[in-house]
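Order of the sequence lines fixes the chain letters, A, B, ..., with proteins taken first and strands second; residue numbering starts at 1 for each chain. As a basis for the values below, the full set of heavy atoms in this structure was taken, side chains included, without hydrogen atoms, waters or symmetry mates.
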There are 2 protein chains.
Amino acid sequence: MKLKKKQRQEKLQEMIEETPFITDEELSNKFGVSIQTIRLDRLELSIPELRERIKHVAHKNWNEEVRALPIDEVIGEVVNLELDNLAISILDIKEEHVFSRNQIARGHHLFAQANSLAVAVINDELALTANVKIKFTRPVKVGERVVAKASVVGDDHNRTIVEVKSYVHDEVVFEGKFYMYRTTEN
Amino acid sequence: MKLKKKQRQEKLQEMIEETPFITDEELSNKFGVSIQTIRLDRLELSIPELRERIKHVAHKNWNEEVRALPIDEVIGEVVNLELDNLAISILDIKEEHVFSRNQIARGHHLFAQANSLAVAVINDELALTANVKIKFTRPVKVGERVVAKASVVGDDHNRTIVEVKSYVHDEVVFEGKFYMYRTTEN
DNA sequence: TCCGCTATTATGACTAGGTCCTAATAGTAA
DNA sequence: TTACTATTAGGACCTAGTCATAATAGCGGA
């Protein structure tokens, strides 16, 4: 049996919220009613037309897209890389890295920079972080440039040890000792 | 003097990349050429029409919106929070969290979940991570759901200690001991 | 059974922001 | 002047709608 108006409109509202990229025509097929009925429903529920919905989604995310964190690959810009030896990367702390309240960088960004650098410096197909000991020695503020230096310092029970120190100018802001698992011990 | 074709096309490409929400008409005004010229330019540069561009931006972010690394606030969804006591959050591991080669989650995502949870559980204006010891006990693969449990276990020299354990089902995948700095010792 | 009411469907005119195709005109270099 | 590219113009068509008007369907109550 066909749905009554009220139920159809409720369903319609849900569906459009879930998948805003749906045309009136597709909706009319799904509900087995005419396009006009769908349009009337949208009118009554004040749901804008497809193009406006798309525009809305696009705009909403347009701001966010620019600051989108390249959580892929290495965090920060690698400026030097000698496999199985040392690596250096730079991360400029921007608005999106900090707590809005106090402009201090969230710890996981510094960690992400260090960790991805530790992964990158390992000359192997597979490198995974096993254990880490880290220290945040002083808060980093927005606008500061963090230079992370990773160096492979040795091995320990099947783990390669990478030490990472991050600096703002000459001040150490982060220290970490990464015990990395790798597929083939060189 | 009017720009030559080549220069105009370069500018055009830039402009559309910067602000994709621009119509041919607006472009034609900016460059002082006819709409048809703009259309020809787009054709030659294979730049899609406005609606397609909007759709693209919307779609691109539609995925991201849901999976959005909400690098703001807490990473993962908080399902339980008792300030200064314990907190639980859930993070579903998706494509964007893993190394494409082996589908294993990058460590910094697990760290980010744990770290932000440790920050969140602290009932204070300012909470910063000072030191951490962490262990990644087994790789997490795409599709798995990581449940992080943070508990405040005590104090140590002006630092609040928060232990975080993350699970996939009943298996521990991550363990961390966070020494948190806070403004006012309760 | 007919009346009244809501719900639904149909129809036509119009819109933005295009596409695609054809054709005319402008500008410039050999 | 010729040849060529660049630009402009025009018309038909498209999608996914809007808005207004009108016709029809379904159903409950007297």
Side-chain angles (χ1 to χ4, degrees), chain A residues 1-68, chain B residues 1-68 70 94-96:
Chain A
M1 184 214 160
K2 263 199 197 175
L3 293 163
K4 291 281 172 210
K5 188 180 177 182
K6 212 172 171 182
Q7 292 154 9
R8 188 190 56 234
Q9 291 194 341
E10 278 170 28
K11 280 253 172 196
L12 188 115
Q13 190 134 34
E14 282 174 37
M15 286 188 61
I16 293 183
E17 256 162 55
E18 271 172 45
T19 59
F21 305 90
I22 192 167
T23 61
D24 288 358
E25 200 179 1
E26 289 170 314
L27 285 164
S28 85
N29 289 334
K30 296 223 175 194
F31 286 107
V33 295
S34 73
I35 277 201
Q36 283 76 2
T37 303
I38 298 293
R39 315 249 224 235
L40 271 178
D41 286 346
R42 277 200 299 99
L43 198 73
E44 287 174 21
L45 300 168
S46 3
I47 297 171
E49 63 165 287
L50 171 63
R51 282 161 181 161
E52 291 307 311
R53 297 197 300 266
I54 293 183
K55 231 182 269 181
H56 186 249
V57 174
H59 263 101
K60 203 171 52 186
N61 295 297
W62 178 240
N63 312 323
E64 276 158 56
E65 213 224 351
V66 184
R67 61 187 173 118
Chain B
M1 182 212 162
K2 261 196 196 176
L3 293 162
K4 291 278 172 215
K5 187 180 179 182
K6 212 172 171 184
Q7 291 153 10
R8 189 189 57 233
Q9 291 194 342
E10 277 169 29
K11 279 253 171 196
L12 188 116
Q13 190 135 35
E14 280 173 38
M15 286 189 60
I16 292 182
E17 255 161 57
E18 270 172 45
T19 58
F21 304 91
I22 192 165
T23 62
D24 288 358
E25 201 179 359
E26 290 171 313
L27 286 164
S28 86
N29 289 334
K30 297 222 174 197
F31 287 106
V33 296
S34 73
I35 279 202
Q36 283 77 2
T37 303
I38 298 293
R39 315 251 224 234
L40 271 179
D41 286 346
R42 278 202 296 100
L43 197 72
E44 286 175 20
L45 300 167
S46 3
I47 297 173
E49 62 164 288
L50 171 64
R51 281 159 182 160
E52 291 308 312
R53 297 197 300 267
I54 293 183
K55 230 182 269 180
H56 187 248
V57 174
H59 262 102
K60 204 170 50 184
N61 295 302
W62 178 243
N63 314 323
E64 264 159 65
E65 214 219 351
V66 187
R67 66 187 165 122
K94 310 223 172 103
E95 282 299 330
E96 67 270 20

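In this structure, CD1 of Ile35(B) is placed 10 Å from P of dG17(C), rounded to the nearest angstrom. Rounding to whole angstrom units, CZ of residue Arg39(B) and C1' of dA9(D) are separated by 12 Å. For the pair Gln7(B) CD and dT7(D) P, the computed distance is 11 Å after rounding to whole Å. Look at CG on Asp41(B): it is 10 Å from P on dA6(D), rounded to the nearest Å. In this structure, CG of Leu40(A) is placed 12 Å from C1' of dT18(D), rounded to the nearest angstrom. Note: CD (Glu44(A)) to P (dT6(C)) measures 12 Å, nearest angstrom. Rounding to whole angstrom units, CD1 of residue Ile38(B) and P of dA16(C) are separated by 19 Å. Nucleotide dG18(C) holds its C1' atom 12 Å from the CD1 atom of Ile54(B), rounded to whole Å.
Contact annotation: side chain of Arg51(B) to base of dG17(C), donor-acceptor pair present below 3.5 Å.
Side chains of Glu26(A) and Met15(A) form no contact here, defined as non-hydrogen atoms less than 4.5 Å apart. Looking at Glu10(B) and Gln13(B), their side chains never come closer than 4.5 Å, going by heavy atoms from C-beta outward.
Comparing dT8(C), dT9(C), dT7(D) by their closest approach to the side chain of Arg8(A) singles out dT8(C). Side-chain proximity of Leu43(A) to dC19(D), dA7(C), dT19(C): nearest is dC19(D).
In terms of position on DNA chain C, the residue among Arg53(B) and Gln36(B) whose nearest nucleotide sits closer to the 5' end is Arg53(B). Projected onto DNA chain D by closest heavy-atom contact, Leu50(A) and Ser34(B) fall at different nucleotides, the more 5' of which corresponds to Ser34(B).
Under a 3.5 Å cut-off, the side chain of Arg53(A) and the backbone N or O of Phe21(A) do not form any donor-acceptor pair.
Heavy-atom contacts from other residues, nucleotides or ligands closer than 6.0 Å to CD of Glu25(A) number 12 or fewer.
Classification of Lys11(B) and Glu14(B) as a salt-bridged pair fails, no side-chain N sitting under 4.0 Å from a carboxylate O.
Between Arg42(B) and dT19(C) there is a side-chain polar atom (N or O) within less than 4.0 angstrom of OP1 or OP2. Within the structure, a side-chain polar atom (N or O) of Thr37(A) is placed less than 4.0 Å from OP1 or OP2 of dT9(C).
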